[in-house]
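Here is the structure we will look at, set down as structure tokens.
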There are 2 protein chains.
Amino acid sequence: MDSFDKEILKILQKNNLTPQRDIGETIGLSPAAVQRRVKRMREEGIIKHDISILERETLGNPVTLIVEVFLESEQIDLIDETKKSFVSCSAVQQCYYVTGESDFVLIIVAKSMADYEKLTRELFFANKNVKRFRTVVAMGVEKLGLNIPITL
Amino acid sequence: MDSFDKEILKILQKNNLTPQRDIGETIGLSPAAVQRRVKRMREEGIIKHDISILERETLGNPVTLIVEVFLESEQIDLIDETKKSFVSCSAVQQCYYVTGESDFVLIIVAKSMADYEKLTRELFFANKNVKRFRTVVAMGVEKLGLNIPITL
DNA sequence: CCATAAATGAAACAAAATTGCAAATTCACC
DNA sequence: GGTGAATTTGCAATTTTGTTTCATTTATGG
């Protein structure tokens with residue numbers, strides 16, 4: 001992985017519909033060379049996914065919540081089970097397994113607070129291993145991206 | 001926005017390189033019709049961005065942190081200023097303006113803890129309006145996406 | 001310094017996206 | 001329910017983009 005690759009990645013993580021011709025011109029490489037590098041990086045998994053980012057509000061999910069989850073037991077199989085229930089929930093955008101007082105931090109989207117309240121029953125109250133959870137309501141999503149700082 | 005649009009979005013937010021022909025076959029519409037709908041939704045901003053998601057680890061940003069920031073003053077201009085400094089920082093992946101005890105929640109990536117420590121000086125210690133902050137270290141990123149639940 | 005391997009650019013090729021147009025569908029109004 | 005306008009559709013032609021081929025160049029190891 002050289003600096004050409006990194007420059008390509010910098011462009012793709014901003015806009016992955018950029019034509020390879022344009023990328024080539026920008027970084028000084030032929031379209032074919034760009035094509036081969038992109039293909040390789042997809043195969044190697046450096047490029048994990050290619051997705052469209054949608055507007056949450058228009059699609060009926062205007063509420064964002066940040067939830068800190070505290071578990072009862074730190075037994076590995078119990079943790080795994082709980083983890084699975086979080087990850088498989090489509091409302092859960094992100095799930096972090098964390099150190100400190102709490103065990104998980106979740107980023108969740110919901111149609112409404114009532115909708116979220118319903119979700120907490122499934123996700124937390126129904127789970128014996130969840131001791132307690134603390135919800136923080138996002139009034140505004142000021143930045144939302146997965147852009148990684150890439151140093152050449 | 002009808003159920004065709006929603007089906008298209010469901011596909012694109014998983015993989016935006018899916019050929020329009022495939023999308024058309026799946027949902028029962030001609031490639032041209034799909035193309036026009038996608039174009040419209042891009043123009044309307046329902047599709048906000050099209051990006052590649054990269055592997056953080058390979059690109060030298062293996063550390064993820066969740067930070068709760070408590071401000072000194074709730075004055076709107078001071079908040080805005082602080083917000084700007086967070087949003088413009090490339091290590092900050094997400095910035096939420098929140099209710100409750102704290103004022104902001106940030107998701108931050110870093111090369112190392114030492115790197116993060118350096119970042120805290122710029123971002124928090126250098127800012128007079130930051131009263132205190134609480135850092136939670138992510139041991140594992142179990143789920144990381146921006147997939148919105150779309151109901152037809 | 002040579003031989004080998006890897007990466008490149010140019011051109012041909014294939015696949016996908018985009019556009020023009022006539023037919024079909026939907027919608028608002030009577 | 002019927003009628004006309006507006007919208008949306010599918011098909012086919014066109015254009016753009018992505019992919020492969022191949023000869024050449026550049027880098028690598030002995």
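Order of the sequence lines fixes the chain letters, A, B, ..., with proteins taken first and strands second; residue numbering starts at 1 for each chain.
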>> Rounding to an integer number of Å, can you tell me how far D2(A) CG sits from dT26(D) P?
In response: 16 Å
With the criterion being N/O to N/O and under 3.5 Å, what pairs connect the protein with nucleotides 23-26 of chain C, and how long is each?
none

>> Checking D50(B) against N16(A): is there a side-chain donor and acceptor pair closer than 3.5 Å?
In response: no
>> How many whole angstroms separate atom CG of L29(A) from atom C1' of dT25(D)?
In response: 14 Å
> If you look at every strand shown and take non-hydrogen atoms under 4.0 Å, does R37(B) touch a base, only sugar-phosphate, or nothing?
Replying inline: sugar-phosphate
>> If the threshold is 4.0 Å, N to carboxylate O, is there a salt bridge linking E117(B) and R121(B)?
In response: yes
> NA contact type, A33(B), heavy-atom cut-off 4.0 Å: base, sugar-phosphate, or nothing?
Replying inline: sugar-phosphate
> Is the centre of the F133(B) ring less than 6.0 Å from the centre of the F125(B) ring?
Replying inline: yes
> dG10(D) base to R36(B) side chain: any donor-acceptor pair below 3.5 Å?
Replying inline: yes
>> Applying salt bridge (charged side-chain N to carboxylate O under 4.0 Å, His left out), can you list everything that pairs with E74(A), at least two apart in sequence or on another chain?
In response: none
>> Under 4.5 Å side-chain heavy-atom separation, chaining through any Ile, Leu, Val, Met, Phe, Trp or Tyr, what else clusters with L144(B)? Say none if it is isolated.
In response: I51(A), I53(A), I66(A), Y96(A), V98(A), V105(A), I107(A), V136(A), V141(A), L144(A), L146(A), I51(B), I53(B), I66(B), Y96(B), V98(B), V105(B), I107(B), V136(B), V141(B), L146(B)
> Residues two or more places apart in sequence or in another chain: which of them pass salt bridge (charged side-chain N to carboxylate O under 4.0 Å, His left out) with E25(A)?
Replying inline: none
>> Can you tell me which nucleotide in dG10(D), dT20(D), dT8(C) comes closest to the side chain of S30(B)?
In response: dG10(D)
> How many Å lie between CZ on F4(A) and P on dG9(C), as a whole number?
Replying inline: 8 Å
> Which residues in residues 6-28 of chain A have at least one heavy atom lying under 4.0 Å from any atom of DNA chain C?
Replying inline: none
> Less than 4.0 Å between a side-chain N and a carboxylate O, is that true for R37(B) and D2(B)?
Replying inline: yes
>> Of the options dG9(C), dG10(D), dG18(D), whose atoms approach the side-chain atoms of Q35(A) most closely?
In response: dG18(D)
> Which pairs with one or both residues in residues 100-122 of chain B pass ring-ring contact (aromatic ring centres under 6.0 Å, His included), sequence neighbours excluded?
Replying inline: F86(B)-F104(B), Y97(B)-F104(B)
> Could you state the CE-P distance from M41(A) to dG18(D), rounded to the nearest angstrom?
Replying inline: 14 Å
> Salt-bridged, K131(B) to D103(B), with N to O below 4.0 Å?
Replying inline: no
